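Here's the structure we're looking at; comments come further down.
We name chains A, B, ... by the order of the sequence lines, and we start the count at 1 in each one. Since the model is a prediction, treat every value here as computed from it, not as a measurement.
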2 protein chains.
Amino acid sequence: MRSTIHKAMSDIKKESIPPATQAVASGGGMSPKQKTRIQITNEAKILEAALGVFAQEGFRGATLDRIASAADMSKPNLLYYFKNKEKIHIALLTGLLDIWLAPLSEISATGDPMLEIGGYIKRKLEISREYPRESRLFANEILAGAPHISDFLQTKLKKLVDEKAAILQRWIDNGQLAPCDPRHLLFAIWSTTQHYADFSVQVRLVLGLESEDNSYYGEASQMLETLFLGQLIRTYHCN
Amino acid sequence: MRSTIHKAMSDIKKESIPPATQAVASGGGMSPKQKTRIQITNEAKILEAALGVFAQEGFRGATLDRIASAADMSKPNLLYYFKNKEKIHIALLTGLLDIWLAPLSEISATGDPMLEIGGYIKRKLEISREYPRESRLFANEILAGAPHISDFLQTKLKKLVDEKAAILQRWIDNGQLAPCDPRHLLFAIWSTTQHYADFSVQVRLVLGLESEDNSYYGEASQMLETLFLGQLIRTYHCN
DNA sequence: TAACATTTTTACCGGCTGGTCAAATATTCA
DNA sequence: TGAATATTTGACCAGCCGGTAAAAATGTTA
């Protein structure tokens with residue numbers, strides 16, 4: 001279930017799970033090793049640096065030299081912590097997938113459709129703002145054909161989507177939600193929210209904002225609320 | 001013949017200034033050259049091949065070797081037609097931008113809001129289905145920070161968006177459209193429609209479809225119609 | 001067909017890329 | 001402290017990468 005490397009991500013996301021299995025470094029043994037203080041900080045430094053590079057350049061476009069330099073570290077030193085380029089990439093992706101799934105998981109069958117969907121959109125948009133690089137990393141992976149996460153997509157994600165789509169369908173059948181394909185409703189929520197991270201350059205340039213200006217998220221939130229909740233919920237019979 | 005990109009090739013072969021004139025050879029001067037039959041077919045072959053590679057790997061991730069091999073051509077031969085890698089990329093992008101702008105241009109201030117917006121969504125979705133590789137090429141360019149098209153984004157695109165947003169705003173003021181930020185409404189349309197091209201791998205895996213199965217576009221179209229037209233237009237006062 | 005222009009191929013280059021290795025250095029802990 | 005261990009470094013490598021040069025092959029046309 002969890003890749004060994006996944007642990008490394010927990011450092012970056014500052015949840016501290018007690019260290020346990022890890023056999024990344026040092027050539028030989030499969031024996032689980034306790035992580036050193038230095039190991040912890042350096043792995044975090046590497047992942048932090050790699051996240052930016054992978055997110056911008058994609059897997060093939062990113063280079064170890066660039067990551068190492070961004071991590072302020074020599075390349076061989078970097079490779080002392082991660083056996084190869086792919087291991088870094090997988091570590092990042094694995095750590096990301098939990099963040100990705102969480103908001104959808106929280107949708108509850110027993111809640112009010114308006115609040116549940118509204119909350120989901122809010123959470124997704126929040127993640128878009130908080131983790132734009134992770135979002136772009138994910139986008140790059142999909143654009144490249146999802147070579148590392150196709151299994152995740154067709155098992156874990158598909159299962160969760162089917163599950164939540166069933167809930168939405170029940171709401172539709174109850175007349176609490178406008179009739180539509182629930183899975184495509186989820187796609188629409190994904191795309192609109194992630195757009196603000198993945199296409200932030202375009203958004204800013206079109207809106208005439210500066211490079212680090214995130215002020216559009218307020219308008220975005222309002223727009224999405226209008227779009228998805230304004231009418232989609234319960235008022236479809238107006239027509 | 002898929003792409004309408006050929007027009008971007010004006011600056012490819014040497015410096016061909018406005019074409020059409022068949023010049024008598026003059027010593028030293030750069031004379032505009034008529035394109036050979038072979039030139040035309042090979043440039044098309046290269047662009048066709050490069051489109052797939054750039055769309056999947058991004059600019060840095062794509063290699064001339066791979067493009068050449070996809071075009072069934074030796075690398076030096078490829079470089080006989082395009083001076084370097086960037087020229088190919090720019091040729092593709094340039095050709096793409098017209099496709100990209102066209103649907104938005106067609107929105108008319110004098111039309112019915114429902115029909116205009118509905119038509120725009122349909123056209124965008126159509127382009128997503130017809131030109132998925134172009135869409136991914138564009139997405140890759142944005143993810144990389146729009147190094148080649150930031151000027152386009154902040155001039156031509158921004159201008160067009162401002163113009164069309166003004167139209168939408170007038171509809172809002174007239175009570176024909178739910179109050180919302182018009183520019184963000186456009187973003188929502190862009191993201192939802194392009195999602196089906198850019199994230200098609202994910203869409204297919206989650207829906208359980210085969211690799212080349214495009215059947216989800218029907219459901220997508222219906223979903224977007226429900227989402228954007230079902231209530232956004234004119235019925236916002238139901239609340 | 002011969003002269004000319006276009007296209008293709010072969011051979012190559014310097015720098016980058018992912019990655020290895022062993023030696024040198026720093027850290028930990030009995 | 002000093003031995004054991006963990007970390008860092010520099011030197012290196014084979015293959016890939018974008019790109020060049022020039023000859024060879026092919027096509028065009030007078």
Quiz item: Which atom pair, heavy atoms only, marks the closest approach of A:Ser105 to A:Leu160?
Solution: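 It is OG-CD2, 3.7 Å.
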
Practice problem: Locate the shortest heavy-atom distance separating A:Arg183 from A:Ala165; write the atom from each residue and the value. | Solution: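 Heavy atoms only, the tightest pair is CG-CB, 3.7 Å.
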
For a quick test of reading the model: is some side-chain N or O of [X] closer than 4.0 Å to OP1 or OP2 of [N]?
X: B:Gln39; N: C:dT6; value: no
X: A:Tyr80; N: D:dT8; value: no
X: A:Arg60; N: D:dC17; value: yes
X: A:Asn42; N: D:dT8; value: yes
X: A:Tyr81; N: D:dA6; value: no

Let me know the distance between [atom1] of [X] and [atom2] of [N], rounded to the nearest Å.
X: B:Phe82; N: D:dT20; atom1: CZ; atom2: C1'; result: 19 Å
X: A:Arg66; N: D:dC17; atom1: CZ; atom2: P; result: 16 Å
X: B:Lys85; N: C:dC16; atom1: NZ; atom2: P; result: 14 Å
X: B:Ile46; N: C:dT8; atom1: CD1; atom2: P; result: 9 Å
X: B:Lys45; N: C:dT8; atom1: NZ; atom2: P; result: 7 Å
X: B:Glu86; N: D:dC17; atom1: CD; atom2: P; result: 18 Å
X: A:Ile40; N: D:dT7; atom1: CD1; atom2: C1'; result: 15 Å
X: B:Asp65; N: D:dC17; atom1: CG; atom2: C1'; result: 7 Å

Exercise. Tell me what A:Ala68 touches on the nucleic acid: a base, only sugar-phosphate, or nothing, going by heavy atoms under 4.0 Å.
Key: nothing

Exercise. Applying salt bridge (charged side-chain N to carboxylate O under 4.0 Å, His left out), name anything that partners B:Glu126, two or more places apart in sequence or on another chain.
Key: B:Arg129

Quiz item: Taking only residues two or more places apart in sequence or in another chain, which ones pass salt bridge (charged side-chain N to carboxylate O under 4.0 Å, His left out) with B:Glu106?
Solution: B:Arg123

Exercise. Please determine, by modelled atom types, if B:His148 and B:Glu86 share a side-chain donor-acceptor pair under 3.5 angstrom.
Key: yes

Quiz item: Is a side-chain donor-acceptor pair under 3.5 Å present for A:Ser191 with B:Tyr196?
Solution: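 A:Ser191 and B:Tyr196 do not have a side-chain donor-acceptor pair below 3.5 Å.
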
Exercise. Check side chain to side chain contact (heavy atoms under 4.5 Å, CB included) between B:Ala144 and all other residues, then give those that pass, not counting sequence neighbours.
Key: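 B:Ala144 satisfies side chain to side chain contact (heavy atoms under 4.5 Å, CB included) with B:Pro147 once adjacent residues are dropped.
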
Quiz prompt | side chain to side chain contact (heavy atoms under 4.5 Å, CB included) partners for A:Ser69, two or more places apart | solution = none

Exercise. Flag this pair as yes if the NZ/CZ of B:Lys124 is under 6.0 angstrom from the six-membered ring centre of B:Trp100 and inside a 45 degree cone about the axis; otherwise no.
Key: yes

Quiz item: Any salt bridge (charged side-chain N to carboxylate O under 4.0 Å, His left out) pairs touching residues 137-148 of chain A, not counting sequence neighbours?
Solution: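 Salt bridge (charged side-chain N to carboxylate O under 4.0 Å, His left out) check on residues 137-148 of chain A returns no pairs.
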
Quiz item: Taking only residues at least two apart or on different chains, which pairs with a member in residues 210-221 of chain B satisfy salt bridge (charged side-chain N to carboxylate O under 4.0 Å, His left out)?
Solution: none

Practice problem: Summarise how protein sits on nucleotides 24-30 of chain D as a single string, 5' to 3': B when a protein heavy atom is under 4.0 Å from the base, S for sugar-phosphate-only contact, - for no contact. | Solution: ---SS--

Practice problem: Answer yes or no: is there an ion pair linking A:Glu163 with A:Lys158, defined by an N-O contact shorter than 4.0 Å? | Solution: no

Quiz prompt | Overall bend - the helix from C:dT1-D:dA30 to C:dA30-D:dT1, comparing terminal axes fitted on five pairs, nearest 10 degrees | solution =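 Its terminal axes enclose an angle near 10°.
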
Pairwise N/O distances under 3.5 Å, protein to nucleotides 23-25 of chain C:
none

Quiz item: Sequence neighbours excluded, which residues qualify as side-chain hydrogen bond (donor to acceptor under 3.5 Å, both in side chains) partners of A:Ser200?
Solution: A:Arg136

Quiz item: With sequence neighbours excluded, what pairs up with A:Arg66 under the side-chain hydrogen bond (donor to acceptor under 3.5 Å, both in side chains) test?
Solution: A:Glu57

Practice problem: Specify the residues of residues 72-79 of chain B, ordered by number, for which at least one heavy atom lies under 4.0 angstrom from an atom of DNA chain D. | Solution: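 Of all residues in residues 72-79 of chain B, the ones placing a heavy atom under 4.0 Å from DNA chain D are B:Lys75, B:Pro76, B:Leu79.
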
